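Below is one structure; the comments refer to it alone.
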Amino acid sequence: MKITLKDGSVKEYASAMSVYEIAQDISEGLARVACCGEVDGKVVDLRDIVDKDCSLSILTANDKEGLKTLRHTTAHVLAEAVKRVFPDAKLTIGPSIDNGFYYDFDHAPFSREDLDKLEAEMKKIIKEGAKLERFTLPREEAIKFMEEKNEPYKVELIRDLPEDAVISFYSQGDFVDLCAGPHLMSTKNIKAYKLTSSSGAYWRGNSDNAMLQRIYGTAFNKKEELAEYLEYLENIKLRDHNKLGREMELFTTVDVIGQGLPLLMPKGAKMIQTMQRWIEDEEEKRGYVRTKTPLMAKSDLYKISGHWDHYKEGMFVLGDEEVDKEVFALRPMTCPFQYYVYKASQKSYRDLPIRYGETSTLFRNEDSGEMHGLTRVRQFTISEGHLIVRPDQMVEEFKGCLALAKYCLDTLGVGEDVTYRLSKWDPNNKEKYIGTAEVWEETQGHIRRVLQELEIPFYEEEGEAAFYGPKVDIQAKNVYGKEDTMITIQWDAILAEQFDMYYIDQNGEKVRPYIIHRTSMGCYERTLAWLIEKYAGKFPTWLCPEQVRVLPISEKYEAYAVEVEKKLKENGILATTDHRSEKIGFKIRETRMAKVPYMLVVGQQEEEAGLVSVRSRFAGDEGQKTLDEFIDQICKEIRTKEIRKEIAVEDQKK
RNA sequence: GCUGAAAUAGCUCAGUCGGUAGAGCACUUCACUCGUAAUGAAGGGGUCGUGGGUUCGAGUCCCAUUUUCAGCUCCA
């Protein structure tokens, strides 16, 4: 057989060989660091046999799949360590994940001391350097094998495999685990690992099941890479919005106000106001009209919308139906309110599309463990909108919503940081959705084509649609890699029926419109959080709550400083003056730490010549300018929403 | 909601065996009137998240509760 290697060279062998043997044949050095193989694009175990012509790559920990294999084997070493130190622990599953691996055990919670003990035991296991060996058993024998080992979770896993499945196991010394692989050849090839944390996790990800104890860890090719990763973890904490946003006095929380109810402080509120004004104006340019509808409604409304039956747990209900004549609930969405705006008058086909926008505050009674900083809260404000359109306008309008979303993201400088998800229904879970399979497939096809036409890269996911239709969700990751929806655009051909919405067509007939539910920028709180992390607090000037700080050299120049500040404010620039009798070095230090983009130093020279000394966060010392020159410069930057990318010399030093 | 950890001055944190509550920064006042990342001195500031309990005595031990953090689950 002929084996084509990664570099294009061809090896010929007379008989079948394992991937590992081929690696050895290429070089002993390669075999030592080999983690797994890739045959015709498919990841394989080193023990797998190659018996026909194919292309083959030997993957090491420098390859993504190789590193995954290394981490998976490290998870097995952890499992062995747990069985040695805590023999009563029951094994469940232990996969590799994005930044490492985890393994779930049925056992009492692990403390940090336990993890340290386990790390030490892992070191011993790795030093022993047992070979990992694979063997297979038929299903019934596999069940019996795991029953004898008293591993009930493993038995359950095997029972869920098909009747005719041949079950593979990997052993290392005395330790055996049910596993599909691939794995390293020996535990001694694990060089750098760390157990990072432990926490509870439900068996099979279902909250009705028992809670297991999950140990998270990571492993790398080299100790230096591990150290680098751990340092990276420390560094990203510095841009964590929940920490930085509080330090910068953008928001705070108060015990007696409650969970998920952050208070936006003047600086955070200013930033949100800036975004809100911008988006409202932009939507108006794009043909939106604004509504302002109530924050609550009687239960009657939610009974029509279906929320009373399906979403009551998620709403804040005011009053008790058994006692009160009228029961109200704070709104968890704006849809029906805007529908009633539409329904207030009869509409012609000529009136459509109608684009309703509202800066809308919503309330959702999230479970107590779900709240987080500004990203998951119980009260939040979104730039919500509903487009009521004729079916023939749907595709164009959907495109318009995507274009608006893209414009918002690009202007904020985060357009490159998002992924687009086509959120589809789950054909295996039809009862969760309204409508026929044909309609679902068709509308999903429409959205798919729109994304393709706009050349937006996207991925598809089943089971993420709204119950009334598929949608595009624009997803972003926070500094810890956790994903949130930033923007959503939903295709709805269903709810108009439920609310008896119609328009009159050319023939004088009543016709159901289609609806697009969309946000142009999503949740303001969440977007603010995202911007804090993206820019580490150094926002583009147009978004900064304080754009310029005037720094008089001493109190003697206060009058001039006030004059400068006044003129800046007259030009719509957010300016303040530091009047304290501190040294200029101290004032500059504080201004920089507050991440203010521009500071204007004014003293005797400036006052006499009518100048300002400009120092910016972007380029350091920009020299002396007339105040008018500076105002022109910064106004242009703010008006065009420019994102200056230069990094201050001082920043590079630090 | 579940598992675990935590809560001490505005912030970051120390507080030993259960024995009168501490630092730095910040704040206030005074002096200095300063030229590009920390001027000096003095001063004020605490029911140790909250409520119970054990004890002669609780920041420290126990219980409950609230909030925060990590993770799980959830996010029509």
Side-chain angles (χ1 to χ4, degrees), chain A residues 102 104 107-112 114 196-216 237 240 242-243 246-247 249 252-261 302 305-315 332-333 335 364-373 375-378 432-434 464-469 471 473 480 482 484-485 488 490 495 517 523 551-558 580-594 599-606 613-615 620-624 648 650-651 653-654:
Chain A
Y102 69 79
D104 287 348
H107 186 263
F110 297 102
S111 64
R112 181 66 241 183
D114 292 336
T196 46
S197 64
S198 74
S199 74
Y202 297 110
W203 167 234
R204 302 198 134 182
N206 183 338
S207 56
D208 296 331
N209 290 344
M211 178 147 281
L212 307 169
Q213 294 303 318
R214 175 170 299 178
I215 297 178
Y216 282 97
K237 280 185 200 159
D240 180 345
N242 207 5
K243 189 170 160 52
R246 289 169 199 269
E247 276 169 17
E249 300 188 339
T252 187
T253 51
V254 178
D255 280 17
V256 294
I257 289 176
Q259 267 195 306
L261 298 170
Y302 304 110
S305 68
H307 286 84
W308 200 253
D309 290 332
H310 296 113
Y311 196 66
K312 201 171 167 194
E313 295 303 301
M315 291 199 291
M333 37 73 236
C335 322
R364 296 186 188 178
N365 194 2
E366 303 284 356
D367 286 342
S368 62
E370 309 301 344
M371 265 69 74
H372 177 77
T375 55
R376 192 80 184 268
V377 290
R378 282 182 166 152
K432 267 181 75 181
Y433 305 91
I434 307 175
E464 293 288 343
F467 71 89
Y468 45 75
K471 55 183 177 164
D473 290 313
Y480 298 105
K482 224 177 153 167
D484 272 313
T485 300
T488 183
Q490 309 178 352
L495 290 185
H517 309 236
C523 171
L551 308 180
I553 296 281
S554 81
E555 286 164 19
K556 280 196 264 180
Y557 315 105
E558 194 171 323
R580 297 174 305 169
S581 68
E582 297 288 350
K583 287 192 165 176
I584 194 67
F586 180 78
K587 291 183 182 180
I588 286 170
R589 178 184 150 81
E590 291 219 326
T591 312
R592 285 202 55 80
M593 291 199 305
M599 53 191 109
L600 302 182
V601 176
V602 293
Q604 192 181 359
Q605 296 167 26
E606 288 80 8
S613 283
V614 180
R615 191 176 153 131
D621 187 359
E622 296 193 9
Q624 291 188 331
E650 293 152 26
D651 274 356
K653 277 193 306 210
K654 288 173 188 197

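These figures come from a predicted structure and were not determined experimentally.
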N/O donor-acceptor pair, side chain Arg376(A) with base C74(B), under 3.5 angstrom: yes
C1' gap between U12(B) and A31(B), integer Å: 30 Å
Extract from the structure each pairing of a protein N or O with an N or O of nucleotides 32-34 of chain B at less than 3.5 Å, listing the distance.
from   : atom 1 : to        : atom 2 : distance (Å)
C32(B) : N4     : Ser581(A) : OG     : 2.9
U33(B) : O2     : Ser554(A) : OG     : 3.4
U33(B) : O2     : Glu555(A) : N      : 3.0
U33(B) : N3     : Glu555(A) : OE1    : 3.3
U33(B) : O4     : Glu555(A) : OE1    : 3.0
U33(B) : O4     : Glu555(A) : OE2    : 3.4
C34(B) : OP2    : Lys556(A) : NZ     : 3.1
C34(B) : N4     : Ser581(A) : O      : 3.3

Separation between the P atoms of G35(B) and G46(B), rounded to whole Å: 39 Å
Atom-pair distance (CD1 on Ile257(A); P on U67(B)), nearest Å: 12 Å
5' priority, RNA chain B, between Glu464(A) and Arg214(A) [closest heavy atom]: Arg214(A)
Test item: Ser198(A) side-chain N/O and Phe110(A) main-chain N/O as donor-acceptor pair under 3.5 Å: yes
Rounded distance in Å - CG (Asn242(A)) to C1' (U67(B)): 12 Å
Sugar-phosphate, base or nothing in reach of Arg580(A), heavy atoms under 4.0 Å: sugar-phosphate
His372(A) side chain near A70(B) phosphate (N/O to OP1/OP2, under 4.0 Å): yes
Pair Leu495(A)-His517(A), side-chain contact (heavy atoms from CB on, under 4.5 Å): steps then yes or no: CA-CA 11 Å; Leu495(A) 290 185; His517(A) 309 236; 3.9 Å; yes
Whole-Å distance separating the CE atom of Met593(A) from the C1' atom of C25(B): 9 Å
Heavy-atom closest contact (Gln259(A) atom, Arg378(A) atom, distance): O-CD, 3.6 Å
Sugar-phosphate only, base, or nothing, as touched by Met333(A) at under 4.0 Å among non-hydrogen atoms: base
Phosphate-side-chain proximity, Arg615(A) and A37(B), N/O vs OP1/OP2 below 4.0 Å: yes
Met211(A) or Asp484(A), whichever maps to the more 5' nucleotide of RNA chain B: Met211(A)
OP1 or OP2 of C72(B) under 4.0 Å from side-chain N/O of Tyr216(A): yes
Pairwise P distance, G19(B) and U67(B) [rounded to whole Å]: 32 Å
Sugar-phosphate, base or nothing in reach of Gln605(A), heavy atoms under 4.0 Å: base
U66(B) to C25(B) separation - P atoms, rounded to the nearest Å: 38 Å
Between C1' of U12(B) and NZ of Lys237(A), the distance in whole Å: 15 Å
Interatomic distance at C1', U3(B) relative to U73(B), whole Å: 11 Å
Minimum heavy-atom distance Gln605(A)-Gln624(A), with the two atoms named: OE1-NE2, 3.1 Å
Distance between P atoms of U55(B) and U16(B) (Å, rounded): 23 Å
Whole-angstrom distance between C34(B) and U68(B), as gauged at atom P: 50 Å
Gap in Å between the two C1' atoms, one belonging to A76(B) and one to C69(B), rounded: 29 Å
Beyond-backbone contact of Thr253(A) with Arg246(A), side-chain heavy atoms, under 4.5 angstrom: yes
Residue pair His310(A), Phe467(A): steps toward the ring-ring contact (aromatic ring centres under 6.0 Å, His included) verdict: CA-CA 11 Å; His310(A) 296 113; Phe467(A) 71 89; 7.3 Å; no
Sugar-phosphate only, base, or nothing, as touched by Ser613(A) at under 4.0 Å among non-hydrogen atoms: base
Asp240(A) side chain to Tyr480(A) side chain, donor-acceptor N/O pair below 3.5 angstrom: yes
Side-chain donor/acceptor of Glu249(A) to base of G10(B), under 3.5 Å: no
Side-chain donor-acceptor pair present, Glu606(A), Ser613(A), cut-off under 3.5 Å: yes
Minimum-distance nucleotide to Arg364(A) side chain [options: A76(B), A70(B), C74(B)]: A76(B)
Touch class at under 4.0 angstrom, heavy-atom based, for Gly205(A) against every strand present: sugar-phosphate
Sugar-phosphate only, base, or nothing, as touched by Gly373(A) at under 4.0 Å among non-hydrogen atoms: sugar-phosphate
Check against side-chain contact (heavy atoms from CB on, under 4.5 Å), Tyr311(A) and Arg364(A): CA-CA 10 Å; Tyr311(A) 196 66; Arg364(A) 296 186 188 178; 3.4 Å; yes
Distance test, side-chain N/O of Gln259(A) to OP1/OP2 of U68(B), below 4.0 Å: yes
Sugar-phosphate only, base, or nothing, as touched by Phe467(A) at under 4.0 Å among non-hydrogen atoms: sugar-phosphate
Watson-Crick or G-U pairs under 3.5 Å in RNA chain B, rendered as dot-bracket with [ ] for crossing pairs and | for another strand: (((((((..((((.....[..)))).(((((.......))))).....(((((..]....))))))))))))....
